[in-house]
S.K.: 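Here it is: the structure, laid out below.
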Amino acid sequence: MPETAVTGRTGGMEEAAVAALREGFGGTVITPADPGYDQARRIWNASIERRPALIARCAGTADVVRAVRFAREHGLVAAVRGGGHNVAGRALCDDGIVIDLSAMRGVFVDPAARTVRVQPGCTLGDVDRETHLFGLAVPAGVVSKTGIAGLTLGGGVGWLVRKHGLTCDNLIACEVVTADGRVLTASADENADLFWGLRGGGGNFGVVTSFLYRAHPVSTVLGGLLVWPRDRAGDVIRHYRDFIADAPEELTAYAALVHTPDGQPAVAVICCWCGDIAEGERVLQPLRSFGPPAMDMVQPMPFPAMQSLLDGAFPDGTRNYWKSTFLKDLGDDAVDLVVAHANRAGSPLSAVVIEYYAGAASRVGGTDTAFAHRRFGFNVGMMAQWTDPAESDRHTAWARAFFDAMRPHSSGAYLLNFVDEEGQDTIRAAFGASYERLAQLKKKYDPTNFFRLNQNVQPAI
């Protein structure tokens, strides 16, 4: 393969070249001339509008290899699309090729070994449907429509994070197509440096065509929402802050400033207890009795129901712009600032979430994986969501102003999967102390920066 930098280009692809790619391609090759093109280039975030020259919807690893080699041979910029939300829109590109993995949705559970092999087009709902049959779960995310691939490569926080760690902490091995079209296994025993980088380094090093995860015996959880009127927000968040810091690791709970389905501003705590249900009832009592809440919807439920509990808050076809930051601490001034800015949100679909991850993930060494931010504090996510394209400037301005206002309280660390359009300094901060090692790894596995439509790590010079 050539070792010169790959650049994008405009214009349509030659028919002969497209015909050659289609020959023997197991999936579907879609061009702007094809009837399904506009649907194929649509992603969950309606703010993203891009027109690739080709969409290669892959059926398997062989298709991925062909798509990568085709892009290299024809000088096309390449985007990689998994099966989930892709808020930042990096799954699409103009004039290049989209390597679309959304049709690769196999999930294969080994209940005896408690492992799960997952293809990269899967959502969390796909994985949960198969693992729950055997009373198992992979620690991954909080919304069932999230894509497992992007979540894992960025670290992966979810309802089981405090008890069982990050999604990438439960990764055993990957099959990877590299920038030169090779197929490698990455694990603790094979290509261990690449395996290190895939656990938190984003999509910088190749296309992962299968993930092997460790699963845990989680079937029924005690979960749901506790909801108070918005005018109680300051008191509720302070109570949550003090409570969660000493709570057992079986409990993951996030606070959120949201609107109820009938449009009323509210504050909520969303809980997931993955231990003994009777013990969970006892542990959660201080939260459930505070106020008391206007609505208490906490109850035992199957884990897949917990994973889909918030799906309705992220409907298809909305416009989204997200930002986040880890805090140095969640002091009273920071709480007041969060509430004040949440109250200025111009859309009832917009939300603010306060997350706390400390527990099992914090006991992993800071250099054991590429995910560097192991000494968690609180993370604040600012999620602008709206429907009218004419209001885009208003809602993105709200998220940016909120983010800027939190700078005095920020630790300067960022959760990679929330990094949107930020510059290189913010991307470096999201990778933290791992960045220089990642740059060396990039030089080894992708020296021309072929995989660059991501939270990009520049190859070391």
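Worth knowing before you read on, the calculation uses all heavy atoms, side chains too, and leaves out hydrogens, waters and symmetry mates.
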S.K.: Flag the pair K163 and E250 as a salt bridge only when some basic side-chain nitrogen lies within less than 4.0 angstrom of an acidic carboxylate oxygen.
M.R.: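 Yes.
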S.K.: Taking R22 for its side chain and V29 for its backbone only, find out whether a donor-acceptor pair lies under 3.5 Å.
M.R.: yes
S.K.: Are side-chain N/O atoms of S210 and Q119 paired as donor and acceptor at under 3.5 Å?
M.R.: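 Looking only at side-chain atoms, Q119 and S210 do not form any donor-acceptor pair under 3.5 Å.
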S.K.: For the residue pair S350 and Q385, confirm or rule out a side-chain donor-acceptor distance under 3.5 Å.
M.R.: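 Result is no, nothing qualifies.
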S.K.: Scan side-chain atoms only and decide if Y321 and R400 contain a donor-acceptor pair under the 3.5 Å cut-off.
M.R.: yes
S.K.: How about H216 and N170: does a side-chain donor come under 3.5 Å of a side-chain acceptor?
M.R.: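 Looking only at side-chain atoms, N170 and H216 do form a donor-acceptor pair, the distance falling under 3.5 Å.
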S.K.: Can you tell if the side chain of Q307 reaches within under 4.5 Å of the side chain of F303, non-hydrogen atoms only?
M.R.: yes
S.K.: Determine the minimum heavy-atom distance between A372 and A433, stating which atoms define it.
M.R.: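 Closest approach of A372 to A433, heavy atoms only: CB-N, 4.0 Å.
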S.K.: If you compare all heavy atoms of Y240 against all heavy atoms of A253, which two are closest, and at what distance to 0.1 Å?
M.R.: OH-O, 2.6 Å
S.K.: Is it the case that R117 places NZ or CZ above or below the six-membered ring of Y213, under 6.0 angstrom from the centre and within 45 degrees of the axis?
M.R.: no
S.K.: When you measure from the side chain of R375 to the backbone of S362, do you find a donor-acceptor pair of N or O atoms at a distance under 3.5 Å?
M.R.: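 Looks like yes, one N/O pair under 3.5 Å.
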S.K.: Between A56 and F25, what is the shortest heavy-atom contact and its length?
M.R.: CB-CZ, 3.9 Å
S.K.: Establish, from distance only, whether the side-chain atoms of D446 and N204 form a donor-acceptor pair under 3.5 Å.
M.R.: no
S.K.: Quick one, T369 and D169 - any side-chain contact, counting heavy atoms below 4.5 Å?
M.R.: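 Yes - at least one pair of side-chain heavy atoms lies under 4.5 Å apart.
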S.K.: Is it true that R428 and D425 make a salt bridge, defined as a side-chain N closer than 4.0 Å to a carboxylate O?
M.R.: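 Salt bridge between R428 and D425, a charged N being under 4.0 Å from a carboxylate O: no.
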S.K.: If I take atom OG1 from residue T396 and atom CG from residue N320, how far apart are they, to the nearest 0.5 angstrom?
M.R.: 12.0 Å
S.K.: Roughly how far, to the nearest 0.5 Å, is the CZ atom of R162 from the CD1 atom of I244?
M.R.: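 Between atom CD1 of I244 and atom CZ of R162 there are 4.5 Å.
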S.K.: Write down the atom of G156, the atom of N417, and the distance for their closest heavy-atom approach.
M.R.: N-ND2, 4.2 Å
S.K.: Are R363 and E249 close enough, and set up right, to give a salt bridge (charged side-chain N to carboxylate O under 4.0 Å, His left out), and what steps lead you there?
M.R.: CA-CA 12 Å; R363 292 191 291 276; E249 293 177 2; 2.7 Å; yes
S.K.: Relative to each other, are the rings of H341 and F402 parallel, tilted or perpendicular (30° and 60° limits)?
M.R.: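 Rings of H341 and F402: parallel, as their planes differ by under 30°.
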S.K.: Check for a donor-acceptor pair, side chain of W196 on one end and backbone N or O of T367 on the other, with a separation under 3.5 Å.
M.R.: yes
S.K.: Within the 4.5 Å heavy-atom criterion, are W44 and P315 side-chain neighbours or not?
M.R.: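 No, too far: nothing below the 4.5 Å cut-off.
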S.K.: Under the criterion side-chain contact (heavy atoms from CB on, under 4.5 Å), I'd like the reasoning laid out for N379 against Y356: C-alpha separation, chi angles, the key distance, then a yes or no.
M.R.: CA-CA 7 Å; N379 184 63; Y356 185 72; over 6 Å; no
S.K.: Between D193 and Y445, does any side-chain donor sit less than 3.5 Å from a side-chain acceptor?
M.R.: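 Per modelled atom types, D193 and Y445 side chains form a pair under 3.5 Å.
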S.K.: Got a donor-acceptor contact below 3.5 angstrom from the R41 side chain to the L92 backbone?
M.R.: no
S.K.: Are a donor atom and an acceptor atom from the side chains of S308 and S144 found within less than 3.5 Å of each other?
M.R.: no
S.K.: For a side-chain contact (heavy atoms from CB on, under 4.5 Å) check, start with the C-alpha distance between R51 and Y37, then their side-chain angles and the critical distance, and finish with the verdict.
M.R.: CA-CA 9 Å; R51 298 188 66 86; Y37 175 78; 3.4 Å; yes
S.K.: Looking only at side-chain N and O atoms, does S187 offer a donor or acceptor that is under 3.5 Å from a partner on D189?
M.R.: no
S.K.: Does any non-hydrogen side-chain atom of T146 lie less than 4.5 Å from one of V143?
M.R.: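 Result yes, sub-4.5 Å side-chain heavy-atom pair found.
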S.K.: Between V419 and I427, is any pair of side-chain heavy atoms under 4.5 Å apart?
M.R.: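 A side-chain contact under 4.5 Å exists here.
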S.K.: Heavy-atom count around D393 CG within 6.0 Å, excluding the residue itself: above 12?
M.R.: no
S.K.: Do the side chain of K328 and the main chain of G412 share a donor and acceptor less than 3.5 angstrom apart?
M.R.: no
S.K.: Distance-only, no hydrogens or angles: does the D95 side chain make a donor-acceptor pair with backbone N or O of A53 under 3.5 Å?
M.R.: no
S.K.: Is there side-chain contact between V87 and F418, with heavy atoms separated by less than 4.5 Å?
M.R.: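 Not in contact.
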S.K.: Atom CG in L222, atom SG in C271: separation rounded to 0.5 Å?
M.R.: 8.0 Å
S.K.: Less than 3.5 Å apart, any donor N or O on the side chain of N45 or N86 sitting next to an acceptor on the other?
M.R.: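 No pair is found: no donor N or O on one side chain lies under 3.5 Å from an acceptor on the other.
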S.K.: Looking only at non-hydrogen atoms, find the nearest pair between F451 and N456 and report the distance.
M.R.: O-ND2, 3.3 Å
S.K.: Quick one: pull up CE in M306 and CE in M301 and give me the separation to the nearest 0.5 Å.
M.R.: 6.0 Å
S.K.: Taking atom types as modelled, find out whether T61 and D63 have a side-chain donor-acceptor pair closer than 3.5 angstrom.
M.R.: no
S.K.: Got L166 and P139 here, is their nearest side-chain heavy-atom distance under 4.5 Å?
M.R.: no
S.K.: Quick one, Y435 with V457, criterion side-chain contact (heavy atoms from CB on, under 4.5 Å). Give me CA distance, side-chain angles, the key distance, then yes/no.
M.R.: CA-CA 7 Å; Y435 188 86; V457 174; 4.0 Å; yes
S.K.: Could you check, using the six-membered ring where one of them is a Trp, whether F403 and W398 have ring centers closer than 6.0 angstrom?
M.R.: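 Ring centres of W398 and F403 not closer than 6.0 Å.
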S.K.: Closest heavy-atom contact between V353 and Y254?
M.R.: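 V353 and Y254 have their closest heavy atoms at CG2-CB, 4.0 Å.
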S.K.: Look only at the side chain of H395 and the backbone of W386, and say whether a donor-acceptor pair between them is shorter than 3.5 Å.
M.R.: no
S.K.: Indicate yes or no: does D126 engage R105 in a salt bridge with an N to O separation below 4.0 Å.
M.R.: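 The answer is yes: the pair qualifies as a salt bridge.
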S.K.: Consider only side-chain N and O atoms of Q440 and R437, and report whether a donor and an acceptor are under 3.5 Å apart.
M.R.: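 No.
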S.K.: Could you check whether any side-chain N or O of N191 sits under 3.5 Å from a backbone N or O of T185, counting only pairs where one atom can act as donor and the other as acceptor?
M.R.: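 Present.
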S.K.: List the steps, then state whether side-chain hydrogen bond (donor to acceptor under 3.5 Å, both in side chains) holds for E355 with Y357.
M.R.: CA-CA 7 Å; E355 303 169 324; Y357 310 134; 2.2 Å; yes
S.K.: Could you check whether D388 pairs with R319 (Lys NZ or Arg NE/NH1/NH2 to Asp/Glu carboxylate O, under 4.0 Å)?
M.R.: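 So D388 does not pair with R319 through a salt bridge.
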S.K.: Using the six-membered ring of F195, assess whether NZ or CZ of R199 lies under 6.0 Å from its centre and within 45 degrees of the ring axis.
M.R.: yes
S.K.: Walk me through it: do F378 and D329 pass the test side-chain contact (heavy atoms from CB on, under 4.5 Å)?
M.R.: CA-CA 7 Å; F378 290 90; D329 61 73; over 6 Å; no
S.K.: Rounded to the nearest 0.5 Å, what separation is found between the CG atom of D128 and the CG atom of L136?
M.R.: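 These two atoms lie 11.0 Å from each other.
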S.K.: With rounding to the nearest 0.5 angstrom, report the CZ to CD1 distance, R214 to I172.
M.R.: 5.0 Å
S.K.: Answer yes or no: is there a side-chain heavy-atom contact under 4.5 Å between M104 and L101?
M.R.: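 The answer is yes, as the side chains (C-beta and beyond) meet within the 4.5 Å cut-off.
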